[in-house]
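First up is the structure itself, then whatever we jot down about it.
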Amino acid sequence: MADRYDRLMYISDIYYCENAPAILEAQALLKDTKENNIVAQLKFRNISGNVIKAVEVYIAAKDSFGKEIEGINSFQYTDLYVGTNKTWGEKQAITMPNNNVRYIQVAIKSVVFSDGTIWAAKGNAITEKISKPLDLVTALSDKELIKQFRLEYGNAANNVYMQEKDIWHCVCGCINKLSSECCCACGEKRSKITSYSLESLQKNMQERCAKEKEELQKKLIEEKHQLEIKHTEEKKKKQRRKRSVLLGICFSIVLIIAGGMYYYQNVYLVEYKYIEACKIYERGQLKEAQEAFVNLTGYKDSDSYIKKIEQVNTFDEANALENDEKYDEAILKYEELGNYKGCEAGVKRCKEKKLYSEIQNYIKTKEFKLALKLQKEAVEKYKDETFKSEFLNKVLEMENEIYYYMGNDWYERGDIDKAMQYYIYCDGFGDSDKRIEKYNQVLKKKYKNILGGYYKIGQDGESTYGCYIVIFVSEGMLSCYSEWGYSFDKKKMIKILHERGNYENNGSKVIKNKNGTYSETSNNGKKVFMEFKITGKHDLIVYKTPLEKKYSSWKNIKGRYTFYPNVKY
């Protein structure tokens, strides 16, 4: 296999793009001498805190002269199950489309997690090389200082703490997101290792070395004293040996029997119980396993098993409280477990479920202003969040639901026009569209020759949302009623005014003025009924005046939708 591939490029430095859920640990270009093509191999590591199911990457390529050539716009790693701090990709060969490629750059485009959430990068953000933290030998040089560092920060420590972009390097060498308080590899808290001080380390080292030296001296004196005692005892033993030979033979038989019983009770039997406890644990019978390991406290790793079972039990309790909608108690249980797997996500999920529940309760008690306030605060708070859970998405999309129930509340009170306003706002939630259409039919029966109603048109660009106007003919005059606004496109508005009917048995017409406005006049031009202006597709500006007054004396009332009931224009 090794003879088949020639290595063209290999980089073991770490590359990363800010906000990404993974790092690129190694990259290589190999020439496949059998297939006569170039393949790339990439090694990634998950630093997100969630399980990764699929990844899409972009690979830019350059030739030997640094000229950009055809790369790979989209390559997908699928059917993965990569936990935090685990790697993927190192055994997968990616065939490059151009055999002249000698250098590559990689970008992580998107990531799918096991809970269904998706992270997506902004554009093809190429990963950049990040600095390596100082190793302990370089940073401290002194062996005793290095020993002291590992005593204080763990035997796995290889380097000093370093923070770059939105990640931090643990002393064990593992890379974590700034959002993680504990290292995903060794479990060390970031707040502890960032408090590192060379002066404090040197002071602690000196105190330790002095104490060790003192203890060594005491040990040497004690050993010398014990040798003297031993020498004296040896002399006495020689004298007693002759007298005890016969007695020793007698007791030998007793000791053999006692030793056998001791071995059976304290070695063989205990080991047997330990093996049985392990088998019970592996079968998933945690309650029985816990009792068995408690009886073996202190033996081998029984205490470790007890702790694991207690953590599982506490996690199950937190899940049960969450399912019972006791979110505050569940959060306390999750936080009690610290960095135990799934607890950080559990706390976040409970907070979002609690927020959703509070908004629902405000809707049930008809405290709609409080419900809207909470919902809008959530939209502002989480607008830039990349990963959104099911309940958070529900909260962010609840505005229409709240407006719907506000409309229902006004409907039940008998204020139908007020209800229509909120049905318009809720964008088709529930049966709001049916209620709007039903009330429009009532209006058409109430007003003869009605040309308007409540509208929620906007998908086709013909009208905006939340518009209401009733246009009808009364005693040969144009009458209008508007509650929340008016919006038709220009052609429709002109058509409505052309077709509205006659004024005092004389036809009226709509003419376009030089200044861009429109006037409705009698056919003989002697009377001006109204002037209006339409801007864009939707904005209607009306200039109104009592009848018979000349155009020059009109009072300019400028604004959107200036209509009043039963006013003659």
Got a salt bridge between [X] and [Y], using NZ or NE/NH1/NH2 to carboxylate O under 4.0 Å?
X      : Y      : answer
Arg45  : Glu25  : yes
Lys333 : Glu329 : no
Lys218 : Glu214 : yes
Lys279 : Glu276 : yes

Would you say the side chains of Gln202 and Gln206 form a donor-acceptor pair under 3.5 Å? no
Consider only side-chain N and O atoms of Ser48 and Asn50, and report whether a donor and an acceptor are under 3.5 Å apart.
no
With [X], which residues qualify under ring-ring contact (aromatic ring centres under 6.0 Å, His included), at least two apart?
X      : value
Tyr153 : Phe149
Tyr15  : none
Tyr405 : none

| Tyr403 and Tyr423 aromatic centres sub-6.0 Å |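 That pair fails the under 6.0 Å test.
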Residue [X] excluded, over 12 heavy atoms near [atom1] under 6.0 Å:
X      : atom1 : result
Lys177 : NZ    : yes
Gln226 : CD    : yes
Lys394 : NZ    : yes
Lys189 : NZ    : no
Gln375 : CD    : yes

Note to self: Please give me the minimum heavy-atom distance between Tyr327 and Ser357, naming the atom from each residue.
What the structure shows: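 The pair with the smallest heavy-atom distance is CE1-CB, 4.2 Å.
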Under 3.5 Å, which donor-acceptor pairs link side chains of residues 90-98 to any protein atom two or more places apart or in another chain?
{"unit_1": "Glu90", "atom_1": "OE1", "unit_2": "Trp88", "atom_2": "N", "d": "3.4"}
{"unit_1": "Glu90", "atom_1": "OE2", "unit_2": "Thr87", "atom_2": "OG1", "d": "2.8"}
{"unit_1": "Asn98", "atom_1": "OD1", "unit_2": "Asn100", "atom_2": "N", "d": "2.8"}

Answer yes or no for Lys353 and Tyr356: cation-pi contact, defined as NZ/CZ to six-membered ring centre under 6.0 Å and angle to ring axis within 45°.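 No, Lys353 does not sit over the ring of Tyr356.
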Salt bridge (charged side-chain N to carboxylate O under 4.0 Å, His left out) filter on Lys376, not counting sequence neighbours, yields Glu399
For Lys34, check salt bridge (charged side-chain N to carboxylate O under 4.0 Å, His left out) against everything at least two apart and list the hits.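 Expected list: none.
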The test is side-chain contact (heavy atoms from CB on, under 4.5 Å); show your working for Ile363 and Phe368 and say whether it passes. CA-CA 6 Å; Ile363 292 174; Phe368 301 114; 4.3 Å; yes
Report the residues that fulfil side-chain hydrogen bond (donor to acceptor under 3.5 Å, both in side chains) with [X], sequence neighbours left out, ordered by chain and then residue number.
X      : value
Gln148 : Glu152, Arg208
Asp301 : Tyr274
Asn323 : none
Glu367 : Thr365

Less than 4.5 Å apart, any side-chain heavy atom of [X] and any of [Y]?
X      : Y      : result
Val106 : Phe44  : yes
Met205 : Asp142 : yes
Tyr5   : Asp32  : yes

So side-chain hydrogen bond (donor to acceptor under 3.5 Å, both in side chains) across residues 57-76, not counting sequence neighbours, yields Glu56-Ser74
Donor-acceptor pairs under 3.5 Å, side chain of residues 155-164 to any protein atom, not counting sequence neighbours: which ones?
{"unit_1": "Asn158", "atom_1": "ND2", "unit_2": "Ala156", "atom_2": "O", "d": "3.2"}
{"unit_1": "Asn159", "atom_1": "ND2", "unit_2": "Cys170", "atom_2": "O", "d": "3.0"}
{"unit_1": "Tyr161", "atom_1": "OH", "unit_2": "Gln163", "atom_2": "OE1", "d": "3.2"}
{"unit_1": "Glu164", "atom_1": "OE1", "unit_2": "Ser131", "atom_2": "N", "d": "3.0"}

